[in-house]
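Residues take their numbers from the sequence shown, with the count starting at 1.
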Amino acid sequence: MNQTWNSDPRLRRMDPRKLQLLDQFFAQLSNAPSSQKLPLFLELNRKLSASGLAFSPEERSLLFTILTENMSPGERKQAELIRDLAARLSKNAHS
């Protein structure tokens, strides 16, 4: 994972509250075993909802790009699978 994701200049326009939640999320994620990572993603979505925040499609795409820039092709494919699963879960939750 890109350890300097939060210093990327493309994030300057993002709501500081979103960046704060992301900071907390990545701190937890970096220490979590693999089996706990998906629940952390779900918890991030819950916190965003509870705060009345949501990432726009552009923000989600930007975050994904930033976080996967230094990944190997295999790691990027795994990240894409997680992203696609999260999108499906989100659609089902709102249906």
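Applying the salt bridge (charged side-chain N to carboxylate O under 4.0 Å, His left out) test to R10 and every residue at least two apart in sequence or in another chain returns D8, E69. Scanning for side chain to side chain contact (heavy atoms under 4.5 Å, CB included) contacts around S56 gives E58, E59, with sequence neighbours left out. Scored by the salt bridge (charged side-chain N to carboxylate O under 4.0 Å, His left out) test, E43 finds R46 as partners (sequence neighbours excluded). Scored by the side chain to side chain contact (heavy atoms under 4.5 Å, CB included) test, P73 finds no partners at all (sequence neighbours excluded). Applying the salt bridge (charged side-chain N to carboxylate O under 4.0 Å, His left out) criterion to D23, with sequence neighbours excluded, gives no partner residue. Residues satisfying the side chain to side chain contact (heavy atoms under 4.5 Å, CB included) criterion with A79, sequence neighbours excluded, are F64, T68, M71. Not counting sequence neighbours, R12 has no partner by the side chain to side chain donor-acceptor pair (under 3.5 Å) test.
Evaluation of the salt bridge (charged side-chain N to carboxylate O under 4.0 Å, His left out) test over residues 74-84, restricted to residues two or more places apart or in two chains, returns none.
The shortest distance between side-chain heavy atoms of L11 and L22 does not fall below 4.5 Å. Counting only heavy atoms from C-beta outward, the side chains of L21 and L48 approach each other to under 4.5 Å. Inter-residue side-chain proximity for W5 and L19 is flagged as met; some heavy-atom pair is nearer than 4.5 Å.
Atom CG of L40 and atom NZ of K47 lie 8.5 Å apart (nearest 0.5 Å). The structure places CG of L85 at 8.0 Å from CD1 of I82, a figure rounded to the nearest 0.5 Å.
Taking all atoms of both residues into account, the shortest heavy-atom contact from L63 to F55 is CD1-CE2, 3.8 Å.
With hydrogens and angles disregarded, no donor-acceptor distance shorter than 3.5 Å links the side chain of K18 to the backbone of L53.
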